[in-house]
Amino acid sequence: MPSFAGDLLDPAQSHGDVLVQIAGERAGDVTDAVERLLGVATGWRVRWRVEGFRADNRVEDGHGLARNPFHFTEGFGNPAGERETAERALVRDGQGEPDWAVGGSYQVVRIIRFATELWDKDSVHEQERIIGRRRDGRWLDGAPTDEQPNFAADPKGRLTPLDSHVRLAAPDRRNPPPLVRRSYSYDRGDGDTGLVFSCFQRDLAQGFEAVQKRLEGEAMAKYLLTTGGGYFFVPPPGDAWLDAVASA
Ligand code: HEM
């Protein structure tokens, strides 16, 4: 993963050969699975690990939602159905990737530390103008959560500021960015709290990188410090890819 404007990547928390993500509904089950894996993965060195959680984790109208530590609900901008999710996230035939990679996905993980103390000094109104949505997901121009805002009718950003997160992340409401987000919150104590941002896409340049570059001048940038993470490839289901890779 390259370093983007404002990143301060700690090599001890970045990159790696293999990413293992273990998720579950109960923290105890996840810890047990991690212990079991470490028990059998002898000879492997753990480069870095981070524990995440999704507060108020739920599904509403097909959207996986969770509340982040900055009091906003995330997940509304993701596609609701399986077809659209696959369309954005999975490598397709004919896109220039080897056959074995079709049906797999590029995963981007970013450990983003958030200046929560500074953020909490801002009023809710200011925070909502920085994100470009209300805390509960409604749009600043009054559009309901499940409808599209009318950015074209607000060219100067009077209602939804031009440097707000959603306006820069997805300016063209008819062509949403081709990525699917699924992030976790983390809290390592001593104010080291933030997001284990995670997203999946079929193409890194069109997905994460295009959005990340647009977000460079966002109003939220001064609260964020990306300290780690990496780019990984999630192979397609099944193990046919293993034979293909082994014989390549
Ligand atoms: C700590 C850092 C971040 C926070 C607190 C944050 C928070 C949010 C919130 C509250 C929303 C609105 C609700 C939703 O649609 O999920 C949102 C939307 C979005 N975010 Fe982030 N985000 C962060 C980092 C990122 C990064 C690094 C990217 C990608 C480079 C990104 C891409 C997006 C996209 C594509 C949307 C959907 C925009 C739309 O369709 O309206 N976010 N984010």
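Read the numbers this way: they start at 1 and go in the same order the structure lists the ligands and their atoms.
- Heavy-atom proximity to Asn68, at under 4.0 Å, picks out these atoms of ligand 1: 5 (C).
- Residue contacts with ligand 1 leave out Val108, since none of its heavy atoms falls under 4.0 Å from the ligand.
- Aromatic rings of Tyr106 and Tyr231 (six-membered ring for Trp) have centroids beyond the 6.0 Å cut-off, not under it.
- Salt-bridge annotation for Arg58 and Glu60: present, with a side-chain N of the basic residue lying under 4.0 Å from a carboxylate O of the acidic one.
- Shown in contact with Phe70 at under 4.0 Å from a heavy atom are these atoms of ligand 1, numbered in order with element: 5 (C).
- Of all atoms in ligand 1, numbered sequentially from 1 with element shown, those under 4.0 Å from a heavy atom of Ile131 are 10 (C).
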Open item on the list: Pair Arg138, Asp136 - check salt bridge (charged side-chain N to carboxylate O under 4.0 Å, His left out), show working.
Closed with: CA-CA 6 Å; Arg138 275 175 304 135; Asp136 63 8; 3.1 Å; yes
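- Less than 4.0 angstrom separates some heavy atom of Phe72 from each of these atoms of ligand 1: 10 (C).
- Ranked by closest heavy atom to atom 13 (C) of ligand 1, the top entry among Leu65, Asn78, Thr73 is Thr73.
- Gln127 places a side-chain N or O within donor-acceptor distance of the main-chain N or O of Trp119, the cut-off being under 3.5 Å.
- Listed by number with element, the atoms of ligand 1 under 4.0 angstrom from any heavy atom of Leu195 are 1 (C), 2 (C), 3 (C), 4 (C).
- The heavy atom nearest to atom 27 (C) of ligand 1, out of those in Arg173, Arg110, Arg113, Gln212, is found in Gln212.
- Within the 4.0 Å heavy-atom cutoff, Trp139 counts among the residues contacting ligand 1.
- Evaluated for a side-chain contact (heavy atoms from CB on, under 4.5 Å) with Leu204, the options Arg202, Gln206, Gln201 yield exactly one hit, Gln201.
- Ligand-side atoms of ligand 1 in range of Phe208: 30 (C), range being under 4.0 angstrom from any heavy atom.
- In this structure Gln107 satisfies the side-chain contact (heavy atoms from CB on, under 4.5 Å) test together with Leu19, Gln21, Val109, Ser198, Phe200, Val234, sequence neighbours excluded.
- Judged by the 6.0 Å distance and 45° axis criteria, Arg167 is positioned over the aromatic ring of Phe151.
- Contact atoms of ligand 1 toward Leu224: 1 (C), 2 (C) (distance under 4.0 Å to a heavy atom of the residue).
- Interface of Phe76 with ligand 1, defined as ligand atoms under 4.0 Å from a residue heavy atom, comprises 14 (C), 15 (O), 16 (O).
- The nearest pair of heavy atoms linking Arg182 to Asn57 is NH2-OD1, 3.9 Å.
- Between Thr226 and Leu9, some side-chain heavy-atom pair lies under the 4.5 Å cut-off.
- Taking atom 38 (C) of ligand 1 as the reference point, the nearest protein heavy-atom neighbour is Ala170 CB, 3.8 Å.
- Aromatic ring centres of Phe4 and Phe208: separated by under 6.0 Å.
- Within the protein, the number of N/O/S atoms found under 2.8 Å from atom 21 (Fe) of ligand 1 is 1.
- Geometrically, Arg133 engages Trp139 in a cation-pi contact, judged by NZ or CZ lying under 6.0 Å from the ring centre and within 45° of the ring axis.
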Give the table of side-chain donor-acceptor pairs shorter than 3.5 Å for residues 238-248, with sequence neighbours excluded, one pair per line with atom names and distance.
| residue | atom | partner | partner atom | Å |
| --- | --- | --- | --- | --- |
| Trp241 | NE1 | Gly238 | O | 3.0 |
| Ser247 | OG | Asp243 | O | 3.0 |
| Ser247 | OG | Ala244 | O | 3.3 |

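- When the heavy-atom distances from atom 4 (C) of ligand 1 to Arg167, Met220, Glu128 are ranked, the shortest goes to Met220.
- In Glu51, the CD atom is not crowded: 12 or fewer heavy atoms of neighbouring residues, nucleotides or ligands sit closer than 6.0 Å.
- Not a single heavy atom of Gly194 sits closer than 4.0 Å to an atom of ligand 1.
- The shortest N or O to N or O distance between Gly75 and ligand 1 is below 3.5 Å.
- Within the hydrophobic cluster formed by Ile, Leu, Val, Met, Phe, Trp and Tyr side chains joined at under 4.5 Å, directly or through other members, Leu140 stands alone, with no partner residue.
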